[in-house]
Amino acid sequence: MLITQLKTKDSILSLTDGKKVFIINCFGCREVYFPLEEAAGLQGEMNDSGMVTGILTTDYICNPENLELQLESHKEAIDAADVVLVFSCGVGVQTVAARLEEKTVCAGCDTCRLPGFQGVTPLEYDCGQCGECYLNLTGGICPITACSKSLVNGQCGGAKNGKCEVDPNMECGWERIYRRLEKIGRLDAMKCPVQIRNFATDKEVQ
């Protein structure tokens with residue numbers, strides 16, 4: 001099982017300041033905790049400010065087929081937005097980012113680990129449930145799970161022809177991140193201060 005907790009209000013608003021925002025809430029896996037009241041309060045404030053183009057609340061955005069239908073039905077509102085803000089576990093954010101390659105997709109939550117059932121996830125995406133989500137810095141591609149070494153400060157330099165030196169059948173996660181940030185015009189994110197991973201957050205919630 002896993003649990004999502006809201007990122008700080010300041011960190012969320014720093015990503016959306018002065019931008020039009022489309023919001024996605026995932027109410028899938030009911031055994032997963034979702035910070036419903038906190039998220040609703042923040043989204044209400046954002047909506048009152050006129051920055052929200054639309055809100056999609058659905059189940060299992062980690063299911064690509066279901067997500068595709070939902071996104072299509074909200075296409076006009078998504079096209080009008082500069083940022084898509086997703087309130088879900090890390091798998092949901094990555095699934096949305098993969099479907100909206102031209103958009104900046106941001107995570108509104110951190111995902112923490114709980115013992116037990118993990119829920120339904122597509123095999124091509126994974127969430128390390130590390131309690132400190134980096135997806136907002138890496139274009140919606142998780143450096144913890146997309147990199148064999150779980151590096152958070154860029155590639156190791158060992159990749160050849162875009163493939164990981166640990167697993168030659170695997171694309172280098174940081175090359176994917178670079179290409180993604182370049183595509184959405186956010187290479188400036190690569191200039192952020194060195195990230196120190198806080199392993200204290202990477203613990204099961206009792």
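Sequential numbering from 1 along the given sequence is applied to the chain's residues.
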Asn161 atom CG, neighbour heavy-atom count above 12 within 6.0 Å:
no

Any link between Leu85 and Leu13 through a network of hydrophobic side chains (Ile, Leu, Val, Met, Phe, Trp, Tyr) touching at under 4.5 Å?
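Yes, it is one cluster - the side chains of Leu85 and Leu13 are joined through contacts under 4.5 Å.
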
Shared hydrophobic cluster, Leu187 / Leu137 (ILVMFWY, side-chain heavy atoms < 4.5 Å)
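Hydrophobic grouping puts Leu187 apart from Leu137.
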
Tell me the closest heavy-atom pair linking [X] and [Y], and the distance in Å.
X: Met51; Y: Met46; answer: CG-O, 3.1 Å
X: Cys109; Y: Pro35; answer: SG-CG, 4.3 Å
X: Phe34; Y: Cys26; answer: CD1-O, 3.8 Å
X: Lys7; Y: Ala107; answer: CD-O, 3.4 Å
X: Gln94; Y: Gly140; answer: CG-O, 3.4 Å
X: Cys130; Y: Ile144; answer: SG-CG1, 4.4 Å

Evaluate side chain to side chain contact (heavy atoms under 4.5 Å, CB included) for Trp174 paired with Met190, printing each intermediate quantity in order.
CA-CA 11 Å; Trp174 273 97; Met190 300 287 282; 4.1 Å; yes

Spatial distance of atom [atom1] ([X]) from atom [atom2] ([Y]) [nearest 0.5 Å]:
X: Lys19; Y: Thr16; atom1: NZ; atom2: OG1; value: 7.5 Å
X: Leu15; Y: Cys106; atom1: CG; atom2: SG; value: 4.5 Å
X: Asp167; Y: Cys172; atom1: CG; atom2: SG; value: 12.0 Å
X: Met170; Y: Ser148; atom1: CE; atom2: OG; value: 4.0 Å

Would you indicate whether the side-chain heavy atoms of [Y] and [X] approach each other to under 4.5 Å?
X: Cys156; Y: Glu165; result: yes
X: Phe87; Y: Ile12; result: yes
X: Val21; Y: Ile23; result: yes

Those residues that, when tested against [X], pass salt bridge (Lys or Arg N to Asp or Glu O under 4.0 Å) (two or more places apart):
X: Glu68; result: Arg99
X: Asp82; result: none
X: Lys163; result: none

Does the pair Asp79 and Lys75 meet the rule for a side chain to side chain contact (heavy atoms under 4.5 Å, CB included), with working shown?
CA-CA 6 Å; Asp79 288 345; Lys75 186 177 186 304; 2.8 Å; yes

Test your reading of the model: is there a side-chain donor-acceptor pair from [X] to the backbone of [Y], 3.5 Å cut-off?
X: Thr95; Y: Val91; answer: yes
X: Thr4; Y: Ser88; answer: no
X: Thr111; Y: Gln129; answer: no
X: Lys103; Y: Ala81; answer: yes
X: Arg186; Y: Leu181; answer: no
X: Lys160; Y: Pro168; answer: no
X: Thr138; Y: Ile141; answer: yes
X: Asn66; Y: Tyr60; answer: yes
X: Arg180; Y: Glu101; answer: yes
X: Glu132; Y: Asp110; answer: no

I need the full list of side-chain hydrogen bond (donor to acceptor under 3.5 Å, both in side chains) pairs touching residues 40-51, with sequence neighbours left out, sorted by first then second residue.
Lys9-Glu45, Asn25-Gln43

Would Phe27 and Thr57 count as a side chain to side chain contact (heavy atoms under 4.5 Å, CB included) here? Give the steps.
CA-CA 7 Å; Phe27 287 173; Thr57 298; 3.5 Å; yes

May I have the step-by-step check of side chain to side chain contact (heavy atoms under 4.5 Å, CB included) for Glu65 and Gln70, ending in yes or no?
CA-CA 9 Å; Glu65 290 76 20; Gln70 297 285 356; over 6 Å; no

For Gln5, all residues meeting side-chain hydrogen bond (donor to acceptor under 3.5 Å, both in side chains), sequence neighbours excluded
none

May I ask you to check whether Thr8 and Ser11 show a side-chain donor-acceptor distance below 3.5 Å?
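Result is yes, a qualifying pair exists.
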
Among Ile, Leu, Val, Met, Phe, Trp and Tyr joined by side-chain contacts under 4.5 Å, find the other residues sharing a cluster with Leu56 and list them by chain and number.
Phe22, Ile24, Ile61, Leu67, Leu71, Ile78, Val84, Val86, Val93, Val96, Leu100, Val105, Leu135

